[in-house]
Amino acid sequence: MNDSTASPADGPTTLLRGGAVHSPADPFATAMVTQGGRIAWVGSEGAADSFADGVDETVWLDGALVTPTFTDAHVHTTSAGLALTGLDLAGAADPREALERIRAHAARHPGAGVLLGTGWDTTDWPGQRHPSRAELDEAAGGRPLYLSRVDAHSALASTALLALVPHVSDLDGWADEAPLTGAAHHAVRAAAHAALSPGQRAEAQRAARAHAASLGIGALHECGGPEISSVEDLTGLLELAAREPGPHVFGYWAELVASAKEAEAIRRLGALGAAGDLFVDGSLGSHTASLTHPYADAPHTGRAHLDADAVAGHIAACTEAGLQAGFHAIGDGALETVTQGVRRASTVVGHGRIRAARHRVEHAEMLTAETISAFAEFALTASVQPGFDAAWGGADGMYARRLGADRARTLNPYAALQRAGVPLALGSDCPVTPLGPWAAVRAAAFHRTPEHRISVRGAFTAHTRGGWRAIGRDDAGVLVPGAPADYAVWTTGDLVVQTPDDRVANWSTDPRSGTPGLPDLTPGAQLPVCRRTVVDGRTVYARPNE
């Protein structure tokens, strides 16, 4: 855990005034005072005069909006940083363009090291053809090359990299010219990441945290695990975040446990839980999500990595140890497995203890009425990524191709989750989809399936306070006296109260509503621009010339 979360109340005092402060304590607030790492006061411009002579610094907002910082509830920090600083194949129109990018990246990084890339997606490529291994070998100049698909559940690798993994062709998920999945993918990814030096990892982590801060993100939930990263990656990131200014980092380690002793070993890593990407299944894009009925474009139902008994044992052991548990579950089959397992665990450790533990499920895309009801019953946090729907939803998107239009329309039912009282925490799964909290709020409020839309206010709360509640902190993610001084300052247009319906937009600017306004996020409207990000009362990002 990032030690900076102590948020001491002593320290310099700062008065922010002349803007709009998004606070439930005062929907008309225009000013705020912080002391050290805490918010001391929120109120009106007139009342701010009484503080003017007693503070160490006065910041004139010039009409800017002040909000709590965002929390991204699912990230892979090192991978996100590598995508920012390295080879990113997102948006490549076809294999030819992807290969051109690989050649250019290899030329910019001469030497014998492993080349790492991410973001390729054949969904819209001609014939859905990916580059052959021979083509990858040529583009990489014979060097080891690892290319993660956009969903991170399959990958391409060059011959030189495969040679570093003994007997890779004997592992589950190997096919000579098809993308690697399963155990074969995990082994090859581990070999590629093992080639990174501690310095390279730290450089990537710094890049990701700096980029997050520039977007008004004040906290990140790092989802590590033995199949996707390493102990050194997680502990190195937590140590870096504790000693260097920037967004808070809260770590999860996705390893199955069967006893309180095993759970305690995960706690010693500095992790908040044995959770995150503990795979019950894979992804829809890679045809590895576990379904109850076959894919529309493949004659199988994907892969299940855990059964309900394994889920139950994990939940019970973590609950007994006072540690959060959680799973990666996307397909309806996987989500049924999770909820069945949680129910079985409740007969061992008790319904109330499971609710109190705030266990979580990542992605939770193919929910049904029954699994939503179970999420509500056991207070399972749904850690969701609205960018998935923005990228792959709609009548012609990847979801519809994989599942058919009718099943695709059921995905990511945020409104139903909210109506049921399921705790929501929003994130990006970066680098699967980019960091971008306002874009995520917009994607939830203007979901491609109208009946799944939630209000801008509801999505904003899930992306700010929801992430803190997901780690058991109810005092953060909101601008009220006594809360941590984690806030962002934004340049934005008019503030409105925006709600979802079947039209493009429906909002009110009537101040009599007593509801704090937020930016207009109608599709096509300009997203707010971050001017400053403050974490624990310390500026961790300032836009140039601010």
Side-chain angles (χ1 to χ4, degrees), residues 2 4 69-91 101-102 104-106 108-109 111 113-120 144-152 155 189-225 227-254 270-271 276-277 385 387 427-437 439-440 530 533 535 540-541:
N2 185 345
S4 66
T69 53
F70 288 96
T71 294
D72 193 308
H74 190 122
V75 297
H76 304 283
T77 308
T78 302
S79 295
L82 290 171
L84 287 168
T85 60
L87 174 56
D88 186 0
L89 298 178
R101 294 190 192 184
I102 294 168
H105 181 75
R108 290 193 300 270
H109 298 83
V114 172
L115 299 171
L116 299 173
T118 188
W120 61 270
L145 170 68
Y146 170 81
L147 299 176
S148 172
R149 190 185 183 278
V150 64
D151 60 8
R189 175 166 51 193
H193 286 179
L196 289 173
S197 70
Q200 288 173 310
R201 284 200 301 266
E203 179 186 3
Q205 291 163 359
R206 289 190 183 100
R209 291 181 77 225
H211 183 56
S214 75
L215 298 171
I217 297 171
L220 301 168
H221 294 188
E222 165 66 17
C223 294
E227 294 184 343
I228 52 177
S229 59
S230 67
V231 167
E232 293 76 17
D233 184 79
L234 175 68
T235 57
L237 172 61
L238 296 179
E239 290 167 4
L240 182 146
R243 69 175 181 266
E244 297 183 8
H248 304 290
V249 177
F250 302 100
Y252 288 93
W253 186 249
D277 279 329
Q385 297 75 40
S428 63
D429 198 8
C430 189
V432 174
T433 59
L435 296 173
C530 185
T533 303
V535 174
V540 298
Y541 168 77

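FYI, side chains are in, hydrogens and waters are out, and symmetry mates aren't considered; it's all heavy atoms of this structure.
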- prompt: Nearest heavy-atom pair of Ala213 and Thr533: which atoms, and what distance?
  reply: O-OG1, 2.6 Å

message: If you define the side chain from C-beta out and look only at heavy atoms, does anything of His193 sit under 4.5 Å from Val114?
response: no

message: Please report the interatomic distance CG(Leu237) to CD(Glu232), rounded to the nearest 0.5 Å.
response: 13.0 Å

- request: Specify the closest pair of heavy atoms between Gln385 and His74, including all atoms of both residues, with the distance to one decimal.
  value: NE2-CB, 3.8 Å

task: Kindly compute the distance separating CH2 (Trp253) from OG (Ser230), expressed to the nearest 0.5 Å.
output: 6.0 Å

task: Indicate yes or no: at least one non-hydrogen side-chain atom of Tyr541 is less than 4.5 angstrom from one of Pro247.
output: no

message: So does Gly224 get a backbone contact from the side chain of Ser229, meaning a donor-acceptor N/O pair under 3.5 Å?
response: no

query: Would a distance-only check, ignoring hydrogens and angles, find a side-chain to backbone donor-acceptor pair under 3.5 Å from Thr433 to Ser428?
result: yes

task: Show your working on side-chain contact (heavy atoms from CB on, under 4.5 Å) between Asp72 and Leu215 and close with a plain yes or no.
output: CA-CA 11 Å; Asp72 193 308; Leu215 298 171; over 6 Å; no

- request: Measure the spacing between OG1 of Thr235 and CG of Leu240 and express it to the nearest 0.5 Å.
  value: 11.0 Å

- prompt: Run the side-chain contact (heavy atoms from CB on, under 4.5 Å) check on Leu196 and Leu82 step by step: do they pass?
  reply: CA-CA 11 Å; Leu196 289 173; Leu82 290 171; 3.9 Å; yes

- line: Tightest non-hydrogen contact, residues Phe70 and Pro437, listed as CG-CB, 3.3 Å

- line: Residues Thr71 and His221: closest non-hydrogen pair is CG2-NE2, 3.6 Å

field: Heavy-atom pair of closest approach, residues Pro431 and Ala80
entry: CD-N, 3.9 Å

- request: Any chance you could measure His105, atom NE2, to Leu116, atom CG, to the nearest 0.5 Å?
  value: 7.5 Å

message: Any non-hydrogen side-chain atom of His76 less than 4.5 Å from a side-chain atom of Asp277?
response: yes

field: Side chain proximity check, Val249 to Gln205, heavy atoms < 4.5 angstrom
entry: no

- prompt: Say you draw a straight line from CZ of Arg201 to OG of Ser79; how long is it, rounded to the nearest 0.5 Å?
  reply: 11.5 Å

message: I'd like to check Val75 versus Glu222 (side-chain heavy atoms, cut-off strictly below 4.5 Å). Are they in contact?
response: yes

- request: May I have the step-by-step check of side-chain contact (heavy atoms from CB on, under 4.5 Å) for His109 and Leu87, ending in yes or no?
  value: CA-CA 10 Å; His109 298 83; Leu87 174 56; over 6 Å; no

statement: Value for CG (Leu234) from CD (Glu239), rounded to nearest 0.5 Å, stands at 9.5 Å

task: Would you name the heavy atoms of Leu115 and Ala106 that are closest together and state the gap between them?
output: CD1-CB, 3.8 Å

